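Before any comments, here is the structure.
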Amino acid sequence: MPNYPLVQLTTVADCDAALDIARNEQKDLEWKKLSFERQQEQYGKNSVSIEAELLGKQFERDSIKAAIAALPDGPMKTENINRLTKIEYSILLLQTRKTNYGSVALIEKHYEIQRVQRELEETAAFISEIEVHKSTL
């Protein structure tokens, strides 16, 4: 259990004020954790669809590259080069989405949830120590 300098709290009113602050912080942390958990759930759903879509676009890009290499110069080759540009742009957007909302973001949310959980544990320990100190006054 942490050791806070609670001797500075000399009255029940001081303890009550510190408890109010700590309990408000605890509520905020619980809300933050819930928010992160919901984001993590959504990112979990997104990561699967983003990965699948990205693989599809990459396969399409590879196929078009092979077709372009086999085509003679002309309108059909130009059309496929334009399609390739659009597909490469789609891949770029999907990779950005993957970073922001996919598997990378999923790991980041897990980290944030664990961090907030530790803050909640520390806040609970702080509240407990104040309550013990308050009972001695």
Side-chain angles (χ1 to χ4, degrees):
M1 188 179 263
N3 201 1
Y4 295 101
L6 299 179
V7 294
Q8 297 176 9
L9 301 176
T10 57
T11 67
V12 171
D14 289 344
C15 291
D16 287 340
L19 284 169
D20 285 345
I21 292 168
R23 286 183 179 129
N24 283 335
E25 177 66 17
Q26 190 176 40
K27 287 178 187 175
D28 290 346
L29 288 168
E30 287 168 351
W31 177 255
K32 187 184 267 188
K33 182 180 175 191
L34 178 63
S35 175
F36 286 154
E37 287 170 342
R38 289 189 174 166
Q39 289 174 354
Q40 184 183 37
E41 183 180 312
Q42 189 60 43
Y43 292 173
K45 293 174 187 174
N46 287 346
S47 69
V48 173
S49 65
I50 291 170
E51 289 290 339
E53 193 174 347
L54 184 58
L55 286 173
K57 289 291 182 184
Q58 289 169 335
F59 179 77
E60 188 177 357
R61 176 197 58 203
D62 295 344
S63 298
I64 290 176
K65 279 184 175 181
I68 290 171
L71 287 172
D73 289 341
M76 190 69 136
K77 186 171 189 168
T78 302
E79 181 182 322
N80 278 296
I81 290 171
N82 290 338
R83 278 184 59 206
L84 178 62
T85 302
K86 289 177 185 176
I87 289 170
E88 286 176 338
Y89 181 68
S90 293
I91 290 171
L92 175 67
L93 293 177
L94 285 167
Q95 288 170 334
T96 301
R97 280 182 52 207
K98 179 181 173 182
T99 301
N100 294 335
Y101 304 106
S103 55
V104 175
L106 187 62
I107 296 299
E108 181 184 6
K109 287 302 164 195
H110 182 74
Y111 163 74
E112 289 174 343
I113 290 168
Q114 294 302 312
R115 183 180 50 78
V116 170
Q117 181 60 42
R118 285 183 181 73
E119 288 182 59
L120 279 166
E121 291 165 3
E122 186 65 25
T123 303
F126 181 60
I127 289 170
S128 177
E129 281 197 33
I130 294 172
E131 288 172 343
V132 168
H133 178 70
K134 179 181 170 183
S135 71
T136 65
L137 298 176

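Note that the coordinates shown come from a computational prediction; the quantities given were computed from them, not determined experimentally. Count residues from 1 along the sequence.
Here Lys33 does not pair with Glu119 in a salt bridge; the nearest charged N to carboxylate O distance is not below 4.0 Å. Between Arg61 and Glu88, none of the side-chain N atoms (NZ, or NE/NH1/NH2) sits under 4.0 Å from a carboxylate O, so this pair counts as no salt bridge. Ion pairing between a basic and an acidic side chain is recognised when a charged N comes within 4.0 Å of a carboxylate O; Arg115 and Glu112 show no such pairing. The pair Arg23-Glu131 counts as a salt bridge, with a side-chain nitrogen and a carboxylate oxygen less than 4.0 angstrom apart.
Leu94 and Lys57 get closest at one heavy-atom pair: CD1-CG, 3.8 Å. Nearest heavy-atom pair across Ile127 and Gln26 is CD1-OE1, 3.4 Å. Between Gly44 and Leu106, the shortest heavy-atom contact is N-CD1, 3.6 Å. Val116 approaches Leu29 most closely through the heavy-atom pair CG1-O, 3.4 Å. Heavy-atom minimum distance, Thr123 versus Ala22: CG2-O, 3.5 Å. Shown here for Leu137 and Val12, the closest heavy-atom pair between the two residues is CD1-N, 3.9 Å.
Within 6.0 Å of atom NE2 in His110, 12 or fewer heavy atoms from other residues, nucleotides or ligands are found, so the atom counts as exposed in its surroundings. Within 6.0 Å of NZ on Lys109 lie more than 12 heavy atoms contributed by other residues, nucleotides or ligands.
With rounding to the nearest 0.5 angstrom, the CD1 atom of Ile50 is 4.5 Å from the CZ atom of Arg97. Between atom CD of residue Gln42 and atom CG of residue Asn46 there is a gap of 5.0 Å, rounded to the nearest 0.5 Å. Separation of atoms OG (Ser135) and CD1 (Ile130) is listed at 12.0 Å; rounding is to 0.5 Å. Considering CG of Asp20 and SG of Cys15, their distance stands at 11.5 Å, rounded to 0.5 Å. One finds the CG atom of Asn24 at 8.5 Å from the CD1 atom of Ile21 (value rounded to the nearest 0.5 Å). Between the CD1 atom in Ile68 and the CG atom in Leu84 there is a gap of 4.5 Å [rounded to 0.5 Å].
Panel note: side chain Ser90, backbone Lys86; a donor-acceptor pair is recorded below 3.5 Å.
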(message) The test is salt bridge (charged side-chain N to carboxylate O under 4.0 Å, His left out); show your working for Arg118 and Glu122 and say whether it passes.
(response) CA-CA 6 Å; Arg118 285 183 181 73; Glu122 186 65 25; over 6 Å; no
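Both Ile64 and Ile81 sit in one connected hydrophobic cluster of ILVMFWY residues. Membership requires side-chain heavy atoms under 4.5 Å apart, directly or through other members. Follow the hydrophobic side-chain contacts under 4.5 Å out from Phe36 and you never reach Tyr43; the two are in separate clusters. Hydrophobic clustering, with ILVMFWY side chains joined whenever heavy atoms are under 4.5 angstrom apart, groups Tyr4 together with Leu9.
Side-chain contact between Glu37 and Leu34 is present, with heavy atoms from C-beta onward closer than 4.5 Å. Side-chain contact between Lys134 and Leu6 is absent, with no heavy atoms from C-beta onward closer than 4.5 Å.
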